[in-house]
Amino acid sequence: QVQLVESGGGLVQAGDSLRLSCAASERTFSDYAMGWFRQAPGKEREFVARITWSGTTPYYADSVKGRFTISRSNAKNTGYLQMNSLKPEDTAVYYCATTGYLATIQQAYRNWGQGTQVTVSS
């Protein structure tokens, strides 16, 4: 089972950028599609972005489209989420996850990281 560890979160101001990383424990990371989800206080976890096993065909939630970019380096067993033009409503715990499917629903994802906090002040 792939272990995932997110990093790169922090406290930033509106308009700033952050890059989250998702380090995988095994080379089998490259066998799976990868997604990012987030959970804001008092809200359900929601889909943010996903990418195929090979790093193609990124897909985004409407709320982040044009501001966030998902990518991965299978050579480094690491996935990324570049977040630009951050807004206070982007404040949440961000999770990476892997799946054998191309999916936007969290139930399709098998392996999850522990999450990293992103806080955007206005």
Side-chain angles (χ1 to χ4, degrees):
Q1 186 171 352
V2 177
Q3 303 295 319
L4 304 172
V5 179
E6 301 94 338
S7 61
L11 173 62
V12 297
Q13 293 186 335
D16 286 351
S17 299
L18 278 176
R19 188 174 82 155
L20 305 183
S21 297
C22 173
S25 61
E26 300 179 6
R27 290 187 176 184
T28 53
F29 172 71
S30 62
D31 293 340
Y32 299 100
M34 185 190 77
W36 287 93
F37 292 76
R38 66 186 182 185
Q39 187 168 20
K43 295 187 177 181
E44 294 187 354
R45 189 158 54 185
E46 65 176 5
F47 168 78
V48 174
R50 65 107 173 104
I51 198 166
T52 65
W53 66 272
S54 62
T56 59
T57 322
Y59 183 81
Y60 302 93
D62 287 343
S63 59
V64 306
K65 198 173 298 181
R67 300 187 298 121
F68 290 12
T69 302
I70 187 173
S71 63
R72 66 190 296 165
S73 169
N74 288 337
K76 296 181 178 180
N77 290 341
T78 303
Y80 305 98
L81 184 68
Q82 177 67 44
M83 306 186 296
N84 299 329
S85 302
L86 283 162
K87 304 175 181 179
E89 52 263 43
D90 294 320
T91 295
V93 177
Y94 284 72
Y95 300 89
C96 65
T98 59
T99 176
Y101 308 92
L102 278 182
T104 61
I105 59 172
Q106 57 184 311
Q107 290 85 352
Y109 287 77
R110 179 178 180 181
N111 301 306
W112 291 82
Q114 83 291 347
T116 185
Q117 176 70 46
V118 172
T119 303
V120 185
S121 63
S122 58

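Taking 4.5 Å as the limit, some side-chain heavy atom of Thr69 sits within range of a side-chain heavy atom of Tyr60. Here the side chains of Ile51 and Thr56 are not in contact, with every heavy-atom distance at 4.5 Å or above. Contact check for Arg50 versus Leu102: side-chain heavy atoms found under the 4.5 Å cut-off. At a threshold of 4.5 Å between non-hydrogen side-chain atoms, the residues Tyr80 and Ile70 do not count as touching. A 4.5 Å side-chain heavy-atom check between Phe29 and Met34 finds at least one atom pair inside the cut-off. Using a 4.5 Å cut-off on side-chain heavy atoms (C-beta onward), Asp16 and Val120 make no contact.
A donor-acceptor pair is defined here as one N or O able to donate and one able to accept, closer than 3.5 Å; no such pair exists between the side chain of Tyr32 and the backbone of Tyr101. Formation of a donor-acceptor pair under 3.5 Å by the Glu6 side chain with backbone atoms of Gly115 is found in this model. Side-chain N or O atoms of Thr116 include one that pairs as donor or acceptor with a backbone N or O of Gly9 at under 3.5 Å. Remark: side-chain polar atoms of Thr119 are not paired, donor with acceptor, to backbone N or O of Leu11 under 3.5 angstrom. Within the 3.5 Å criterion, the main-chain N or O of Lys76 finds a donor-acceptor partner in the side chain of Thr78.
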Checklist line | Trace of the side chain to side chain contact (heavy atoms under 4.5 Å, CB included) decision for Leu20 with Val118 | finding: CA-CA 9 Å; Leu20 305 183; Val118 172; 4.0 Å; yes
Note to self: For Trp53 and Thr98: C-alpha separation, side-chain torsions, deciding distance, then whether side chain to side chain contact (heavy atoms under 4.5 Å, CB included) applies.
What the structure shows: CA-CA 9 Å; Trp53 66 272; Thr98 59; over 6 Å; no
Next item on the list: Report the C-alpha separation of Asn84 and Phe68 in whole Å, then their side-chain angles, then the decisive distance to 0.1 Å, and conclude whether the side chain to side chain contact (heavy atoms under 4.5 Å, CB included) test is met.
Entry: CA-CA 6 Å; Asn84 299 329; Phe68 290 12; over 6 Å; no
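Pairing each heavy atom of Ala14 with each of Ser122, the nearest pair is CB-CA, 4.4 Å.
In this view, Arg72 satisfies the salt bridge (charged side-chain N to carboxylate O under 4.0 Å, His left out) rule with no residue, not counting sequence neighbours. Taking Ser85 as the reference, Arg67 meet the side chain to side chain contact (heavy atoms under 4.5 Å, CB included) condition, with sequence neighbours excluded. Legend: residues meeting side chain to side chain donor-acceptor pair (under 3.5 Å) with Gln1, ordered by chain and number and at least two apart, are Asn111. By the side chain to side chain donor-acceptor pair (under 3.5 Å) test, Thr28 pairs with Glu26, sequence neighbours left out. Residues satisfying the salt bridge (charged side-chain N to carboxylate O under 4.0 Å, His left out) test with Lys65, not counting sequence neighbours, are Asp62. Applying the side chain to side chain contact (heavy atoms under 4.5 Å, CB included) test to Val93 and every residue at least two apart in sequence or in another chain returns Tyr95, Gln117.
With respect to Val12, the side chain to side chain contact (heavy atoms under 4.5 Å, CB included) criterion is satisfied by exactly one of Asp90, Thr91, Leu18: Leu18. Checking each of Asn74, Asn77, Val2 against Arg27 for a side chain to side chain contact (heavy atoms under 4.5 Å, CB included) leaves exactly one that passes, namely Asn77.
Of the N and O atoms on the side chains of Gln82 and Arg19, not one donor lies less than 3.5 Å from an acceptor on the other residue.
Note: Cys96 SG to Tyr109 OH = 11.0 Å, rounded to the nearest 0.5 Å. Note that CZ of Arg38 is 14.0 Å distant from CD of Glu44, once rounded to the nearest 0.5 Å.
Ring-plane geometry between Trp112 and Phe37 is classed as tilted, the angle between the planes lying from 30 to 60 degrees on a 0 to 90 degree scale.
In this structure, Trp36 has its ring center no closer than 6.0 Å to that of Phe47.
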